[in-house]
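In what follows, a structure is listed as structure tokens, so that the remarks can point back to it.
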Amino acid sequence: MITPTHYMLLSTALFIIGVLGVMLRRNIIVIFMSIELILNAVNINLIAFSYQLQNGIGQVFAIFVIAVAAAEAAVGLGIILAFYRNKETINIDEMSVMRW
Amino acid sequence: MNQAIAFYVLSAFILGFAVLVVSTRNTVHAVLYLVLNFLAVAALYVLLTAQFLAVIQVLVYAGGIVVLYLFVVMLVNLKRPPEDHSAPQRHSWIGFGLSGLVLLELAVIIGYGSIAPPGPANAQNTDLAMYNVEKIGMLLYTDYLIPFEVASMLLLVAMVGAIILAKREL
Amino acid sequence: MTTHTGQMFDTEELVINMGPQHPSTHGVLRVVLRLDGERVVSSDVVIGYLHRGIEKLSENRNWTQIILLTDRMDYVAAATNNVGYCETVEKLMQLEVPRRARYIRTAICELQRIASHCLWLGTHAMDIGAMTVFLYAFRERELILDLFEEYCGARLTYNSMRIGGLPLDIPVGWDKKVLEFCNIMSEKVDEYEELLTHNRIWLERTRGVGVISAEQAIAIGLSGPPLRGSGVARDVRKDEPYAAYDEMKFEVPIGTNGDTYDRYLVRLEEFRQSIKIIRQSIEGLPEGPIVGKVPRLIKPAVGETYHAIESPKGELGYFIVSDGKSTNPYRFRVRPPSFCNLQALPQLIKGHMVADVVALIGSIDVVLGEVDR
Amino acid sequence: MIDTYLIPLLKILFVLNATLVGVTYMVLLERKVIAWVQVRLGPMRVGPYGVLQPIADAVKLILKEDITPTRADKWVFTAAPIIVMVPALITFAVIPFGPVVNLFGRQVPLYITDVNVGLLYIVSVASIGVYGIILGGWASNSKFPLLASLRASAQLISYEVAVTMTLVSMIMTAGTLSMVKIVESQYNAHLWFIFVQPVAFVLFFIGGLAETNRAPFDMAEAEQELTGGFHTEYSGMRFALFFLAEYANMIVVSSVATTLFLGGWLRPFPNIAALSFLGIIPSWMWFLLKTFVFLYIFLWVRATLPRYRYDQLMRLGWKVLIPVAIANVVVTGIVMVLF
């Protein structure tokens, strides 16, 4: 039988991979993608418990998480594009200058 | 019985693609694995009878956000070869250390929380499963109307921000 | 690849070749486009791929053999070239062409104009995406080619004129066939009008695209429909009538704001005017000989002359110099309308999108045989 | 056992094969219809009246050499046409071809499944198709197909927004997302939704045209592409996949339009008893007839209309279609509240 603990383990593993991605990779786009992975891990948990307790609140909250993720991705990529235009690089180490 | 098989297969896909997203050198391949990961997660939602969420996941995440990523990846590495792991001085052991810490903390929570309340008898044909869309719609427009409007405001702000950032000259 | 320095998003200038082999350059024309994103920053036109040296060839051929060469210049409207050349020689030798020959020449010139405009309409619409008009226009062109085949045996390069008149009289029943063609053609022009003139997408693709003002047009030396599209009332058939145009009643369509849509309307109206002229010339065909008094050996006296006629593309002029001693021309120079209209292309294209470049090439209607000679 | 596994499997096999055959014959039909419009005959050589032409095309494409450009990303290069083709085919799982009918004594519904998020499923699967085009352009490893693919996908995304907004107003009138229930709601409302929502119908059709890269919006072979759009580097079977995917998408858009606006398998005036003689034509035949009407209009439009320029096309999408679609949603809301 699939209990919520299974789902929690799955989402934890996904969460860990996301955090690793953010920590280890140099390319800022891959870091953004790892953040999406983390948000997805959160969603899996929400829906697992919504299924567990048979009420829709978990799923409603998951929709809001997706909305926020979309907004964050749009603006984040806008910033990356603007940064890339001026500095010709998307390597996170070179993004240390406060004023360009 | 087949629900368990489905769960294990899907979670294997999800974790496998997630690892690939984080580890591949070529950014476009990473984006591709991300799409496959999202589709596997959507399949998992169907397993959890959250049909509306599965479809929204495919529509918004896989069909919208990741296309955005693909566009930026295309525009960005039009000229540069896929980046290589230069600058070894990047001490990766901090990364592993921190993630280990987070892992430990979550393991503790799961340990305590393992006595989860038992699930409903057959969750397949409860009304949340059958009329999933109507239920969520009702919830969204009654109890959660204010967060719904705030979310729409947030999206509007994000749109305006993205346009201003990306536009060459106003 | 020069880079726009100072630009926030450093778009390199894209240099691309709308090369000799491109579906919509109407023959071997090469346009080198410098693009900034979608807009054309600057362009230069490369011609000469179809240069056969007709002018040099004609210097060691006698006057009658040159008629063949004039066919090959504007191969879409070959008969008009023949008429133009023969009239220039007749003017140099002050030969008198009988009235019947002049009437037939007018009818043939107008038939040739309709055929050339059919080809223009077909290819122009095809470039902008309307595939069907191409087939309709070529169906009408077929009818004209059959008429020509009946008259002078060829479909494209006719060799249909002789210095001083016509080689052969019109076959029996030919005039009835021409009149019957005129009836069909007037309905068909309405059909084209229905398909394109009020079509919203066609309007959006052609209105306001490639605008030339009247002064610019005159400065560049445009002639024919592109010039009239900008509002300049200049038509060689009216200003310096040749053949039998002085006895024909017809109006010259004039555009207003000189964009692709006006050039389209001008040419469409010319369809109708040509049909009117053909009807007048065939119905009023006088009796009489078809060749004037022409010396056996054509050896014009020392002298030179320039004579222009209105070809479907514009003002086609011939300048010939004869040294009086030999039977070959000393110098044979042609003023092709396509070559002069093509000069407007770089100025026209600047600032337009790549898709408009194709529409503009179609709208000034160039034939590379005439441009490169 | 049979009902849960065998019958759905048979249905899926039947629908998939029917679609693939239908797509190949769509190619022939297009060439024939455009030929008739242009006063010519179209393919007549292979088989009587050119009927076997699709087979000839298929064999030709299979035998053609399949070139992969140098240094292109081989794996993505082969995956791209598949990514375009698969979404077009899996949308048929939700489209109802007919009501429940008894076949050899067993109640068999004439659709593969009835998901309660049917319409949203179709829209989301359609949005996956964009990947194939972008990756196709990118994998060709040259500048022009890449730019062409970015442009084509920008067009798809902006028209997808417009189509989704029109579908929102359709969902409000139908009250449900499941395709079968939409048809039933048209039966209970005694009239087709094309009369209830004419504006949505027009918008959906224009959006559908643009989504499948057809007729006035066909960017792929537009002359300004100079190199023939994103599938320049493709040849042989892979190009055939791209090509057939376009027609499969066309059939999908037509069948969705039939289900939404012309009452899927209902005969023209379903509730008027006097016209019951129309009932002799079986219900799924009505569905095919109506889809064929839409497909014919697709081809007819392609033969007659010239092509939009890229910026006009985007302006139309953003400044005309989307605002009108949103206005349509608002008006539907108001009307539903009042009556």
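By convention in this document, chain letters (A, B, ...) are assigned in the order of the sequence lines, proteins followed by strands, and residues within each chain are numbered from 1.
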Option that, when pairs with chain A are counted at under 4.5 Å, heavy atom only, ranks first among [options]:
| options | answer |
| --- | --- |
| B:Leu53, B:Ile65, B:Leu34 | B:Leu53 |
| B:Leu15, B:Val60, B:Val160 | B:Leu15 |
| B:Tyr144, B:Phe38, B:Tyr69 | B:Tyr69 |

Would you call [X] and [Y] a side-chain contact if the rule is heavy atoms closer than 4.5 Å?
| X | Y | result |
| --- | --- | --- |
| B:Leu44 | A:Ile47 | no |
| A:Asn43 | B:Tyr61 | yes |
| A:Phe32 | B:Leu68 | no |
| B:Phe148 | A:Ile63 | no |
| B:Tyr33 | A:Met33 | no |
| A:Leu81 | B:Leu165 | no |

Looking at [options], which has the largest count of heavy-atom pairs under 4.5 Å with chain B?
| options | answer |
| --- | --- |
| A:Gly18, A:Ala70, A:Gly58 | A:Ala70 |
| A:Ile80, A:Val68, A:Leu37, A:Leu20 | A:Leu37 |
| A:Ala74, A:Gly76, A:Ser50, A:Ala67 | A:Ala74 |
| A:Asn40, A:Ile29, A:Val19 | A:Asn40 |

inquiry  = I need the minimum non-hydrogen distance between A:Arg25 and B:Arg25, along with the two atoms involved.
reply    =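 In terms of heavy atoms, the two residues are closest at NH2-O, 4.0 Å.
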Within this structure, what is the [atom1]-[atom2] distance for the pair [X] and [Y], rounded to the nearest 0.5 Å?
| X | Y | atom1 | atom2 | value |
| --- | --- | --- | --- | --- |
| B:Leu47 | A:Tyr51 | CG | OH | 8.0 Å |
| A:Leu46 | B:Leu48 | CG | CG | 11.5 Å |
| B:Leu10 | A:Ile44 | CG | CD1 | 10.0 Å |

What part of [X] gets closer than 4.5 Å to chain A, counting heavy atoms only: side chain, backbone, both or neither?
| X | value |
| --- | --- |
| B:Val21 | both |
| B:Phe52 | side chain |
| B:Val19 | both |
| B:Val31 | both |
| B:Ala151 | side chain |

request  = Using the side chain to side chain contact (heavy atoms under 4.5 Å, CB included) rule, take A:Val30 and B:Val22 through it: C-alpha gap first, then chi angles, then the decisive distance, then the call.
outcome  = CA-CA 7 Å; A:Val30 179; B:Val22 171; 5.7 Å; no
Give, as side chain, backbone, both or neither, the part of [X] having an atom under 4.5 angstrom from any heavy atom of chain B.
| X | value |
| --- | --- |
| A:Phe15 | side chain |
| A:Asn55 | backbone |
| A:Leu14 | both |
| A:Val75 | both |

Polar contact flag, side-chain donor to acceptor under 3.5 angstrom, B:Tyr45-A:Gln59 =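 No - no donor-acceptor pair under 3.5 Å links their side chains.
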request  = Give a yes or no on this: more than 12 heavy atoms of other residues, nucleotides or ligands lie within 6.0 Å of atom CZ of A:Phe64.
outcome  =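 Yes, CZ of A:Phe64 has more than 12 neighbouring heavy atoms, counting only those of other groups under 6.0 Å.
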task = Mark yes when over 12 heavy atoms from residues, nucleotides or ligands other than A:Phe61 sit less than 6.0 Å from its CZ; otherwise mark no.
result =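 12 or below, so no.
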Criterion side chain to side chain contact (heavy atoms under 4.5 Å, CB included) on B:Phe7 and A:Leu10, from CA distance to verdict = CA-CA 10 Å; B:Phe7 170 75; A:Leu10 171 66; 4.1 Å; yes
